[in-house]
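Just so it is clear: chains get the letters A, B, ... in the order the sequence lines come, proteins before strands, and each one is counted from 1.
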Amino acid sequence: MKVVFMGTPVFAAEALRAVAAEHEVVCVYTQPPRPAGKGYKLTPSPVQVTAEELGIPVRCPTTLRTPEAQANFAALQADIGVVCAYGLILPQAILDAPAKGCLNIHASLLPRWRGAAPIQRAIQAGDTETGITIMQMDAGLDTGPMLLSESTPITATTTAAELHDRLMTIGCRLITQALNHLPQPIPQPAEGATYAAKLQKTEALIDWAQPAEQIERTIRAFNPVPTAYLMNGAERIKVFAAELAEPTTAPAGTVLDDTLRIACGHGTSLRLTHLQRPGKKPLPADEILKGWTLPKGTNLAV
RNA sequence: CGCGGGGUAGAGCAGUCCGGUAGCUUGCCAGGCUCAUAACCUGAAGGUCGGAGGUUCAAAUCCUCCCCCCGCAA
């Protein structure tokens with residue numbers, strides 16, 4: 001089939017690779033190159049890099065609301081659109097342009113976790129499983145009928161990094177299946193819909209008033225991006241992993257000992273096990289403790 | 001020229017401002033103690049201080065250029 005692919009991050013780039021392996025991808029839409037990295041250099045999206053590698057034409061419109069943009073899209077005369085973490089709202093005219101509409105690869109078991117950050121929110125909420133859903137896009141936010149889905153477990157140690165990679169693999173497999181067989185879409189259940197709000201930078205600052213269990217989940221959900229962190233004075237310390245520790249009566253945020261054990265809300269505590277100081281590499285606690293520690297008695301919640 | 005931090009024994013760090021050939025923790029090796037140990041004691045090995053120039057009687061430390069890593073920001 002003639003496919004138009006729309007996506008931006010690595011997750012989508014792999015999906016593009018999978019689709020292109022079995023179908024004719026006539027054009028790729030992605031976000032324009034943005035300043036990034038040390039030199040603030042314009043950096044093309046992973047999808048753009050992959051598309052160029054595959055020799056597929058790339059378009060980077062900043063909006064799809066204009067008649068010209070929609071006409072350009074329709075002129076491709078694609079059979080179907082595949083959308084995966086694109087980052088632009090698709091107007092009805094775009095959704096309707098391909099003969100078979102547009103399919104979306106979504107990283108959750110719909111209708112749970114519709115929206116921008118399904119992987120992270122599932123971990124943060126303590127879900128024990130999540131998955132990939134392939135759906136037929138409609139006007140709503142991730143509300144379209146579902147063609148295929150597959151679940152995968154979330155354990156007590158699953159990080160967003162790991163889950164992302166696992167879901168990416170599943171996503172590639174399912175989108176290929178969906179394109180090849182075009183299963184009959186079934187409507188999403190009316191019950192159980194939740195929304196995965198976009199990650200805010202401010203959420204990454206650890207709130208010590210929360211119970212240790214909740215903080216630990218957030219740390220896993222935010223690893224590797226945006227990465228949970230704490231402030232030690234002016235020093236911003238990134239936290240990649242932690243484990244639940246013994247109860248305490250100390251106020252939340254108190255550094256309880258010299259081995260990175262910190263008091264959390266409701267009398268709980270957490271021991272940081274993998275962290276990164278500014279300008280340094282991420283290190284396991286036993287390594288970093290050879291030359292540095294958080295001073296006992298410090299209150300990080302201030 | 002977006003802003004900033006850093007590269008010193010296998011690992012993690014101090015020392016750099018106020019030049020005088022390097023120190024701490026840990027690891028490693030040998031020995032001791034112990035019922036035993038990731039515990040303790042004793043001893044030993046291990047570093048062209050990121051690279052190249054320059055200043056100096058003398059440079060990890062001051063000056064110039066280069067390489068590499070990282071944070072912010074997107």
Problem - d(CH2, Trp292(A); P, rG15(B)) in whole Å - result: 16 Å
Completion exercise
Atom NZ of Lys290(A) and atom C1' of rU8(B) are separated, to the nearest Å, by 16 Å
Fill in the blank from the handout: The side chain to side chain donor-acceptor pair (under 3.5 Å) partner of Trp113(A) among Thr133(A), Asp127(A), Thr194(A) is Asp127(A)
Fill in the blank from the handout: Residues passing the side-chain contact (heavy atoms from CB on, under 4.5 Å) test with Leu205(A), sequence neighbours excluded, are Tyr229(A), Met231(A)
Handout entry: Euclidean distance for P, rC17(B) against rG32(B) (whole angstrom)
Key = 46 Å
Problem - Pairwise C1' distance for rU61(B) and rG71(B), with rounding to whole Å - result: 26 Å
Exercise for the section: Quote, to the nearest angstrom, the P distance that separates rC35(B) from rG23(B). Expected result: 38 Å
Handout entry: Results of side-chain contact (heavy atoms from CB on, under 4.5 Å) for Asp79(A) - residues two or more places apart only
Key = Met1(A), Lys2(A)
Problem - Atom C1', compared across rA22(B) and rG47(B): separation rounded to whole Å - result: 9 Å
Handout entry: Any-strand Watson-Crick or G-U partner of rA22(B), both distances under 3.5 Å
Key = none
Exercise for the section: Taking all non-hydrogen atoms of both residues into account, name the closest pair between Ile219(A) and Val239(A) and its distance. Expected result: CG2-O, 3.6 Å
Exercise for the section: Quick one: look up who rC65(B) pairs with, Watson-Crick or G-U, both distances under 3.5 Å, and put none if it's unpaired. Expected result: rG51(B)
Handout entry: Span that lies between the C1' atom of rA38(B) and that of rU26(B), in whole angstrom
Key = 13 Å
Exercise for the section: Have a look at Leu283(A) and say if it touches a base, only the backbone sugar-phosphate, or nothing, with a 4.0 Å heavy-atom cut-off. Expected result: sugar-phosphate
Problem - Qualifying residues under side-chain contact (heavy atoms from CB on, under 4.5 Å), relative to Leu90(A), sequence neighbours excluded - result: Met6(A), Leu64(A), Val83(A), Tyr86(A), Ile94(A), Leu95(A), Met137(A)
Problem - Atom pair distance, as rounded to whole Å: CG in Leu294(A) and C1' in rG12(B) - result: 15 Å
Handout entry: Base partner of rG71(B), which must satisfy Watson-Crick or wobble distances under 3.5 Å
Key = rC3(B)
Completion exercise
Across every strand shown, the nucleotide meeting Watson-Crick or G-U wobble geometry with rG27(B) (both distances under 3.5 Å) is none
Listing time: all N or O pairs from protein to nucleotides 70-73 of chain B that are below 3.5 Å?
from    : atom 1 : to        : atom 2 : distance (Å)
rC70(B) : O3'    : Gln276(A) : NE2    : 3.4
rC70(B) : O2'    : Lys280(A) : O      : 3.3
rC72(B) : OP1    : Lys238(A) : NZ     : 3.1
rA73(B) : OP1    : Lys201(A) : NZ     : 3.0
rA73(B) : O2'    : Tyr40(A)  : OH     : 2.3
rA73(B) : N1     : Gly37(A)  : N      : 3.0

Practice task
Please state the C1' separation for the pair rC67(B) and rG20(B) - nearest whole angstrom.
Solution key: 29 Å
Practice task
Measure the distance from CD1 on Ile288(A) to C1' on rG6(B) and round it to the nearest whole Å.
Solution key: 14 Å
Practice task
Determine the interatomic distance between C1' on rU25(B) and the same-named atom on rU21(B); round to the nearest Å.
Solution key: 24 Å
Practice task
Determine the interatomic distance between C1' on rG50(B) and the same-named atom on rG6(B); round to the nearest Å.
Solution key: 11 Å
Handout entry: Pairs where residues 48-75 of chain A contributes a residue and the test ring pair (Phe, Tyr, Trp, His ring centres under 6.0 Å) is met, not counting sequence neighbours
Key = Tyr29(A)-Phe73(A)
Could you pull out all donor-acceptor pairs under 3.5 Å where a side-chain atom in residues 273-282 of chain A meets a protein atom, sequence neighbours excluded?
from      : atom 1 : to        : atom 2 : distance (Å)
Thr273(A) : OG1    : Ala241(A) : O      : 3.2
Thr273(A) : OG1    : Ala242(A) : N      : 3.4
Gln276(A) : NE2    : Lys280(A) : O      : 2.6

